[in-house]
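In what follows, chains are A, B, ... by sequence order, proteins preceding strands, each numbered from 1.
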Protein chains: 2
Amino acid sequence: MAGSASASTRGGETREQILAAAERLFAERGVAAVSNRQVSEAAGQANNYAVGYHFGSKTELVLAVVRKHDQSVELRRAEAVAATRGSERVRDWVHCLVRPTIDYLAALEPPTWLARFLAQAMTEPSLRAPILAANDGSPTLREVRAALTRLLPMQPEEVRDERSAMARHLLVHMCAERERALHEGGETPRATWEATGTGLIDAITAVFLAPATPVPPRGRGPSDGSPRRRRAR
Amino acid sequence: MAGSASASTRGGETREQILAAAERLFAERGVAAVSNRQVSEAAGQANNYAVGYHFGSKTELVLAVVRKHDQSVELRRAEAVAATRGSERVRDWVHCLVRPTIDYLAALEPPTWLARFLAQAMTEPSLRAPILAANDGSPTLREVRAALTRLLPMQPEEVRDERSAMARHLLVHMCAERERALHEGGETPRATWEATGTGLIDAITAVFLAPATPVPPRGRGPSDGSPRRRRAR
DNA sequence: TCTTAATTCAGTCAAGCGCCTTAATCCAGG
DNA sequence: CCTGGATTAAGGCGCTTGACTGAATTAAGA
């Protein structure tokens, strides 16, 4: 395997081309539907084993793409967290969850593939775990989670975890959906990434702040908040 | 191709076995990662072309699985809508969005594969469109959307559409996540499908009811609701 | 200038794939 | 009981894939 030629060595450039090609192809067709050969060829390599040589396996290729972008997002998130530290507003911390990703997407020059790529990669059963692990390692994300825990002290842990997962799903899949619409030239619900981010912050803030219907530990509870209804027919 | 042997003919039974095997394998490994041969073999067929014979293509196989379940969910949703008709509470209509799916999942005998299967199928680029089309055709879903539009008249259409998409993503992926955790024997944020449904209704209701930050038609607006911040470093 | 290690090229190979064919097998209606 | 259409078994064909290899090509340093 090639050493991680970080800079503009010969191999480093090839690596970049492979990463770019992989990101695009995986975003368009799904990770499993694209062979390493196709990635190698799309990257302009005559050697059909180029991916194997530079990355070892498809899993490591995908992780390399993820890491490449994660780095930049993590930086932006660190900035956002620094500016938010001390705030008592849930919305401010949700902002830290959403804006870094959105701003990074907006900063990439179109056409972008990242959002769709991430949605694909996160859904692939064999890739889900390692990618989420990388997420768990982010210190900034950890700080945001801690802040939300502090601001929502009455909320059962299970509810907060559940809602964190919801926030993640919304961010990933709504961005992917917008990116897809953008690419296909169709209509996008929002005119800009900026506006999409605002919509996501509105929604995710509402999710975290929503009153949680208490669920009885076991057995039927007094009510689950559903309307009057019992046998309609 | 086989006629749609609906009942318990010889071919009908094989069809069922193929559908069950496909649902399981696709849920576990992803649609693209499973070959038609593997599905045929898992269904106990010696003929590696069994899928082709009975369904024509992988796409039609997937759609057949979707339709099989959709039918039952649609029935439950019709009941729920009938019981909710006339209600002015957003939550009641969100209930109609969530409960039918959740209750159907809860009614299936474990282990279930449907939720993960749907998440996989919806993410597959080539399958997304036809599946969403089937969704659009549902008259009950149409009625729910109409009701929500009626109850949220001030909300820009783009915001409502966006939030409908959010609701769909949350329902699909949160169920898939719980089902996965259930299958792997890990911890589930909620003890029961019932409680998961309640959590989803809480969250999705909040999303629909959330105040939408107005986005200026063009150019920088007065505020996007973000905290005081301008150059943290 | 000359090494030399890293990288790319240009293939090979077995395994698995989609698609197709032919021959058995099944079973409902005559 | 027989027959014909539907279904399943068994396997072939051409192609792509992942994994691998040895020779050519760079390019950076001695």
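Side chains of A:Thr198 and A:Arg99: a donor-acceptor N/O pair is present below 3.5 angstrom, by distance only. Side-chain N/O atoms of B:Ser57 and B:Thr59 include no donor and acceptor closer than 3.5 Å.
For B:Arg128, the side-chain hydrogen bond (donor to acceptor under 3.5 Å, both in side chains) partners at least two apart in sequence or on another chain are A:Glu177. Partners of B:Leu182 under the side-chain contact (heavy atoms from CB on, under 4.5 Å) rule, at least two apart in sequence or in another chain, are B:Arg178, B:Thr188, B:Trp193. Every residue two or more places apart in sequence or in another chain was checked for a side-chain hydrogen bond (donor to acceptor under 3.5 Å, both in side chains) with B:Glu124, and none qualifies.
Taking atom CD of residue A:Glu60 and atom P of nucleotide D:dG18, one finds them 15 Å apart after rounding to whole Å. Atom CZ of B:Arg29 and atom C1' of C:dC17 are 14 Å apart (whole Å). The separation between A:Lys58 atom NZ and D:dA19 atom C1' is 14 Å, rounded to whole Å.
Interface residues of residues 17-25 of chain A facing DNA chain C, ordered by number: none; criterion, heavy-atom separation under 4.0 Å.
When side chains are defined from C-beta on, B:Phe117 does not count as touching B:Gln120, because their heavy atoms never get closer than 4.5 Å. At a threshold of 4.5 Å between non-hydrogen side-chain atoms, the residues B:Ile102 and B:Glu194 do not count as touching.
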Nucleotides 10-17 of chain D: protein proximity per nucleotide (B base, S sugar-phosphate only, - neither; heavy atom, under 4.0 Å): BBB----B
Going by atom type alone, with no hydrogens or angles, which donor-acceptor pairs under 3.5 Å involve a side-chain atom of residues 25-37 of chain A and a protein atom two or more places apart or on another chain?
residue, atom, partner, partner atom, Å
A:Ser35, OG, A:Gln38, N, 3.2

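The phosphate of D:dT8 has neither OP1 nor OP2 within less than 4.0 Å of any side-chain N or O from B:Tyr53. At D:dT8, one or more side-chain N or O atoms of B:His54 fall inside 4.0 Å of OP1 or OP2 (strictly under the cut-off).
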